[in-house]
Amino acid sequence: MEDIKVSVVSIVLAYLVVYIVWGSTFFFIEEALRSFPPFVLGSIRFIIAGSLLMGYGMIRGYRIFNKFDIRQAVFVGFLLLFVDMAAIIWSEQYISSGIVSILSAATAIWFIIFDRPKWKENFSSVPILLGLIFGFAGVIMLFAEQLLTDNVPAEERSQNLTAMVVLTFGTIGWTIGSLYSKYYQKPKTADKKKGTSLNVMVKTAWQMVTAGVAFTLVALLKGEYSTFDYTAVHAADWGAMIYLVIMGSIL
């Protein structure tokens, strides 16, 4: 009975982290973009978060290298933390964090559509089908709002639509990466040192490092680092970056 209570508490706390902490990262990304170029923001965030998490794994004695697991982590990290997060960060230059968070929540739609092993279960459920229909309707309404708004300049409206399309493709990347992680990752072993599979924390660290390297390469190619002046970053925006690293990434 005690174990059940602990399990329930852990689940509730995990959901609170997702809803409150992860949900708030959209706001803090928008805040940090006042001082950080988009790909520099992603570069600093994930390089630091991945390094800290990897260092913690090393201190705990977890195995760090495993060719098979690292290859998987690189693939998943590229889709989840680079493709999707790059789409989110880039889009928030043009559309509000509120719209971005709503479109990101529409990832649930793509999970239902792309999760082929669960098609029979999902598409035979009336509540799930209704949720899918209403979800699509909501996304269409968001796009229609941009198309039908007359008091917004045509150039800005086009930019907003482009950002929303980019964000939608980013959520699809997140979905594919998540489903790959769900169905194709090897099960972890109980022994953290001798087992052939890496601890989930180490895998996550490799995903973050992958995203950090990808963000850094793009930032360098775009010339964002050459024009970035860290001394001009506002204190509040450094605070937003710290929040994204510790709370939004590691926690």
Open item on the list: Please determine whether residues Ile140 and Val100 belong to a single hydrophobic cluster, defined as Ile, Leu, Val, Met, Phe, Trp and Tyr linked transitively by side-chain heavy-atom distances below 4.5 Å.
Closed with: no
Open item on the list: According to a hydrophobic-cluster definition based on side-chain heavy atoms being under 4.5 Å apart (Ile, Leu, Val, Met, Phe, Trp, Tyr only), do Ile20 and Leu13 belong together?
Closed with: yes
TODO: Over 60° means perpendicular and under 30° means parallel, so classify the ring planes of Phe28 and Tyr243, tilted if in between.
DONE: parallel
- [ ] Starting at CD1 of Ile99, measure out to OG of Ser104 and round the result to the nearest 0.5 Å.
- [x] 11.0 Å
Open item on the list: Tell me if the centroids of the rings in Tyr15 and Trp22 come within less than 6.0 Å of each other.
Closed with: no
Open item on the list: Any donor-acceptor pair under 3.5 Å linking the side-chain atoms of Thr216 with those of Ser43?
Closed with: yes
- [ ] Count the heavy atoms of every other residue, nucleotide or ligand shown that sit under 6.0 Å from CZ of Phe114, and state whether that count exceeds 12.
- [x] yes
Open item on the list: With a sphere of 6.0 Å drawn around CZ of Phe123, does it hold more than 12 non-hydrogen atoms of other residues, nucleotides or ligands?
Closed with: yes
TODO: Taking all heavy atoms of Arg45 and all of Ser249, pick out the closest pair and write down the distance.
DONE: NE-OG, 2.9 Å
TODO: State whether the side chain of Trp206 and the backbone N or O of Ile64 hold a donor-acceptor pair below 3.5 Å, judged by distance alone.
DONE: yes
For residues 46-59, which side-chain N or O atoms pair as donor and acceptor with protein atoms under 3.5 Å away, sequence neighbours left out?
{"residue": "Ser51", "atom": "OG", "partner": "Ile47", "partner atom": "O", "Å": "2.7"}
{"residue": "Tyr56", "atom": "OH", "partner": "Arg60", "partner atom": "NH1", "Å": "2.9"}

Open item on the list: Quick one about Asp69 and Ser197 (side-chain donor to acceptor, distance below 3.5 Å, no hydrogens or angles considered), yes or no?
Closed with: yes
Task: salt bridge (Lys or Arg N to Asp or Glu O under 4.0 Å) pairs, two or more places apart, involving residues 236-251 - done: Arg34-Asp237
TODO: For a side-chain contact (heavy atoms from CB on, under 4.5 Å) with Ile109, tell me which candidate from Ile133, Leu132, Thr175 qualifies.
DONE: Leu132
Open item on the list: Grouping I, L, V, M, F, W and Y whenever their side-chain heavy atoms are under 4.5 Å apart, do Leu221 and Phe82 come out in a common cluster?
Closed with: no
TODO: With the side chain counted from C-beta on, respond yes when Trp110 and Thr168 share a heavy-atom pair under 4.5 Å apart, and no when they do not.
DONE: yes
Open item on the list: As an exercise, state the distance from CD of Glu30 to CD1 of Ile88, rounded to the nearest 0.5 Å.
Closed with: 12.5 Å
TODO: Please test Leu161 against Phe143 for side-chain contact (heavy atoms from CB on, under 4.5 Å), starting from the C-alpha separation and ending with a verdict.
DONE: CA-CA 7 Å; Leu161 280 170; Phe143 276 87; 3.8 Å; yes
Task: Passing option when Thr210 is tested against Val74, Ile70, Leu81 for side-chain contact (heavy atoms from CB on, under 4.5 Å) - done: Val74
Task: Gap between atom CD1 of Ile113 and atom CG of Asn122 - 0.5 Å precision - done: 10.5 Å
Open item on the list: Nearest 0.5 angstrom please: Ile172 CD1 to Asp84 CG, how far?
Closed with: 10.5 Å
Task: Residue that, paired with Glu92, satisfies side-chain contact (heavy atoms from CB on, under 4.5 Å) out of Leu41, Leu167, Ile29 - done: Ile29
Open item on the list: Is there a continuous path of hydrophobic side-chain contacts, each under 4.5 Å between heavy atoms, that joins Phe134 to Ile112?
Closed with: no
Task: Shared hydrophobic cluster for Leu130 and Val139 (ILVMFWY, side-chain gaps under 4.5 Å) - done: no
